[in-house]
Amino acid sequence: MDRNPSPPSSEAEEEEGGGGDAVGNTVYSKHWLFSILTRLIEVISPEKTDPAVSPEGIQTELDEEMENDICKVWDMSMDEDVASFLQEFNAPDIFMGVFAKSKCPRLTVSMGCQKAEICVGILGNMACFQDICMSISKDENLGQVLLQRLCDSDSPTLLETSRLLLTCLSQPEVANVWVERIRENPSVYDCVCFIMSSSTNVELLVKVGEVVDKLFDLDEELMLNWIKNGTCRSVGPSVDDSPEELPDFKIVPCILEAAKQVRSDNPEGLDVYMHILQLLTTVDEGIQAIVQAPDGGKETWSLLYDLVCHELCQPDDPPIIVQEQKTVLASILSVLSAMFASQTDQEYTKMRKNMPLIGSLIRILQYMEGCGKRSVDNSKESEQQETGRADLNEEDFHLKILKDICCELLSNMLQELTKENTLEGLHQGHLNEQTCSCAFQNLLPLYFASVESFLEVLREADQTLADNLEKRFPNLKVQA
């Protein structure tokens, strides 16, 4: 949907005499806001008789002027003074009335806006302010009604609901309230999985992913419950009032489907879903959910392999690209590392199919070396800039995490190489003196055993290259 109409100008407020009853330090009129909320109450009032009133007694359409006015309130609610006024006027209760009294969840108004979308959007803006967020969060009835909006079929409403939930989950004072509420509401799992597995709305998928990422980061117990979930459960009445069952959702396939949808259009969204997968691998149950899927984890491995080998940090990219992609790369490599360590008997982990992955890992390390040199130069130039140094240190920290994960996976893969794999890697150009030197430089001394094991195999495949590497790294001694 297009940008909401702009709030009334200060000139218009003054002409209407609103200046004397301004909301806080704004130019907005209390009387005008009061009148809009009053009209909204009338819209959901069943006593009103009008051609636009449905048989159930609920007005299903708003006139154009009313819709424009409510959208103006939506824009205005980003101001803290306006948000506080709406809270004082019990606007959340009015909006809950819109949700509760509307028989049809998709009441369409003349310009295509949805009443539910607008009301949740206003609440989302109000929740950006701590005191109001605490008040909204502690209202159990409102909390349950908002969670029910996740079962809505309207994408804009789902987007605003997800934005509101993410805002509340990002407030430490109330995050646990929402975590507990979601944990006790099993339909949330089904609704979220349904969105991830079926929606093609990239913006919605990103926002829902951010909610799941935040939930898993906040509460391991909830993550474990969702990993173990999969039984069908009733989520609402069907046409014949019999229980309606959603499919037997599993969390991993749903995450993968969402990641495929966002990978091309939204790099930030891909980062979110890769981090969700990484969080799953922090518990044994999560790793098993990935590798014990019906396909043995092949779909997950194939997606991540394709991202590393064909999309991210490619040979024609400048080395600085690793700075931009460091977080998503760290998440992907972390999942691949966990899968490789637990599934060495799977066909997709066999080294004859993964020489390009070894080449990509070494390229990432090479690019990080280039970034490291650039960081040193920048540090010398900006020694007196405290903020700059702080940012630089943060960048270095994330790069170190990426390097550690990259080296762990590379060392494990090098230990599995045979003479035939190594010959293939040499032939394909993934292994040569330059790439092997980079690998050794980064792996030593921590992964000495892996390097020594690989060097023994390399000697069988290319004696000259092995000798040259020994000269570069004299501490290595290959047993005859």
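Start at 1 with the first residue, then count along the sequence. All figures in this text were calculated on a predicted structure; none of them were measured in a lab.
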Quiz item: Going by atom types alone, do Asp467 and Thr464 pair a side-chain donor with an acceptor below 3.5 Å?
Solution: no

Self-check item: ring-ring contact (aromatic ring centres under 6.0 Å, His included) contacts touching residues 200-220 (sequence neighbours left out)
Solution: Phe216-Trp226

Quiz prompt | Test: Arg149 and Glu160 ion pair at under 4.0 Å | solution = no

Quiz item: When you check the gap from the basic side-chain N to the acidic O, do Glu203 and Arg163 get nearer than 4.0 Å?
Solution: no

Quiz prompt | Pair Leu150-Ser162, side chain to side chain contact (heavy atoms under 4.5 Å, CB included): steps then yes or no | solution = CA-CA 8 Å; Leu150 288 173; Ser162 301; 4.2 Å; yes

Exercise. Rounded to the nearest 0.5 Å, what's the gap from CD1 on Ile118 to CZ on Phe95? Could you check?
Key: 9.5 Å

Can I get a per-line list of side-chain donor-acceptor pairs under 3.5 Å for residues 436-450, giving both atom names and the distance, sequence neighbours left out?
unit_1: Ser437; atom_1: OG; unit_2: Glu433; atom_2: O; d: 2.7
unit_1: Ser437; atom_1: OG; unit_2: Arg472; atom_2: NH1; d: 3.0
unit_1: Asn442; atom_1: ND2; unit_2: Glu369; atom_2: OE2; d: 3.2
unit_1: Asn442; atom_1: ND2; unit_2: Cys438; atom_2: O; d: 2.8
unit_1: Ser450; atom_1: OG; unit_2: Ser411; atom_2: O; d: 3.4

Quiz item: Under a 4.0 Å N-O cut-off, is there an ion pair linking Lys353 with Glu347?
Solution: yes

Quiz prompt | Between Asn412 and Glu416, a side-chain donor and acceptor under 3.5 Å | solution = no

Self-check item: Polar side chain donor-acceptor pair, Asn421 to Thr418, under 3.5 angstrom
Solution: yes

Exercise. Give the intermediate values and the outcome of side chain to side chain contact (heavy atoms under 4.5 Å, CB included) for residues Lys419 and Leu423.
Key: CA-CA 6 Å; Lys419 176 183 176 181; Leu423 285 170; 4.1 Å; yes

Quiz prompt | Check: Gln144/Glu140 side-chain N/O donor and acceptor closer than 3.5 Å | solution = yes

Exercise. Apply ring-ring contact (aromatic ring centres under 6.0 Å, His included) to Tyr348 and list each qualifying residue two or more places apart in sequence or on a separate chain.
Key: Trp301

Quiz prompt | Inter-residue atom distance Leu86.CG - Ile132.CD1, 0.5 Å rounding | solution = 8.0 Å

Practice problem: Enter the distance from Asp81:CG to Met76:CE here, rounded to the nearest 0.5 Å. | Solution: 11.0 Å

Exercise. Would you indicate whether the side-chain heavy atoms of Leu469 and Leu476 approach each other to under 4.5 Å?
Key: no

Quiz item: Quick one: does Arg363's side chain have a donor or acceptor within less than 3.5 Å of a partner on Cys313's backbone?
Solution: yes

Self-check item: CA sep, side-chain torsions, deciding dist, call: Gln346, Lys298, side chain to side chain contact (heavy atoms under 4.5 Å, CB included)
Solution: CA-CA 8 Å; Gln346 286 291 332; Lys298 182 179 179 181; over 6 Å; no

Quiz prompt | Gap separating the CD atom of Gln323 from the CG atom of Asp396, nearest 0.5 angstrom | solution = 7.5 Å

